[in-house]
Amino acid sequence: MSKVAVGSTVDAYCTKCKLVLAHTVMAMDGAKPRRVRCNTCKGEHNYRAAKPVAKAVAKKGEKKAKTTAKKTRQTWEEVMQEASAKPHKKYTMSGSFGEGDWIEHATFGLGCVQSFIAPNKITVRFADATRMLACNRS
Ligand SMILES: [Zn+2]
């Protein structure tokens with residue numbers, strides 16, 4: 001990287017253009033530009049190497065994803081709670097189940113039948129995962 005001094009052209013983030021553009025250094029802070037002037041809009045502002053909001057947006061996105069995941073789980077817990085009060089069938093390989101049925105599996109616990117795959121399989125959503133189980137087997 002070439003040495004930056006007052007009057008040099010550097011790439012900086014322009015707060016007005018909202019882009020990383022060529023700027024002229026107006027003042028230095030040690031080896032770094034402190035104030036720059038945008039070559040595009042001629043606006044003078046503090047030097048920023050990159051878009052300042054990029055980090056904030058990423059953080060926000062992360063938070064949003066976390067919230068969504070939590071919400072989904074809560075909803076599922078609520079659904080489970082509701083379902084445990086409803087009648088549900090004990091799961092056996094010989095049993096016959098339909099979409100929307102609630103089943104109680106000896107290992108996986110309570111689950112909701114998502115779909116019936118003819119002739120003898122069902123997909124069941126349990127608290128931790130959706131599993132394919134056998135049914136209608138004698
Ligand atoms: Zn500008």
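Using a 4.5 Å heavy-atom threshold, the side chains of Phe126 and Arg131 count as touching. Contact check for Leu110 versus His88: side-chain heavy atoms found under the 4.5 Å cut-off. Contact check for Val25 versus Met28: side-chain heavy atoms found under the 4.5 Å cut-off. Between Asn136 and Phe116, some side-chain heavy-atom pair lies under the 4.5 Å cut-off. Side-chain contact check for Thr15 versus Arg48: some heavy-atom pair is nearer than 4.5 Å. Counting heavy atoms from C-beta outward, Ser96 and Cys135 have side chains that stay 4.5 Å or more apart. A heavy-atom distance below 4.5 Å is not found between the side chains of Tyr13 and Leu21. When side chains are defined from C-beta on, Ile103 counts as touching Val124, because their heavy atoms get closer than 4.5 Å.
Residues Ile117 and Ile122 do not share a hydrophobic cluster, clusters being chains of Ile/Leu/Val/Met/Phe/Trp/Tyr side chains in contact below 4.5 Å. Trp102 and Phe97 fall into different hydrophobic clusters, where Ile, Leu, Val, Met, Phe, Trp and Tyr side chains are chained together by heavy-atom contacts under 4.5 Å. Under the 4.5 Å side-chain contact rule for hydrophobic residues, Leu19 and Val10 do not share a cluster.
Across all non-hydrogen atoms, the minimal contact from His45 to Cys38 is NE2-CB, 4.4 Å. Nearest approach of Cys17 to Cys14, heavy atoms of both residues: N-SG, 3.2 Å. Ala12 and Val36 get closest at one heavy-atom pair: CB-CG2, 4.3 Å. Across Gln114 and Glu99, no two heavy atoms sit closer than the pair O-CG, 2.9 Å.
Glu44 and Arg35 are joined by a salt bridge, as a carboxylate oxygen and a charged side-chain nitrogen come within less than 4.0 angstrom of each other.
Judged by distance alone, the side chains of Thr24 and Asn39 do bring a donor and an acceptor atom under 3.5 Å apart.
Distance alone, capped at 3.5 Å, is enough to place a donor-acceptor pair between the Thr123 side chain and the Ser115 backbone. The backbone N or O of Asp29 sits nowhere less than 3.5 Å from a side-chain atom of Lys32 that would complete a donor-acceptor pair.
Between Arg125 atom CZ and Cys112 atom SG the span is 8.5 Å, to the nearest 0.5 Å. Note that NZ of Lys121 is 7.0 Å distant from CE of Met132, once rounded to the nearest 0.5 Å.
Between His105 and Tyr91, the angle of the ring planes stays under 30°, which puts this pair in the parallel group of the 30/60° scheme.
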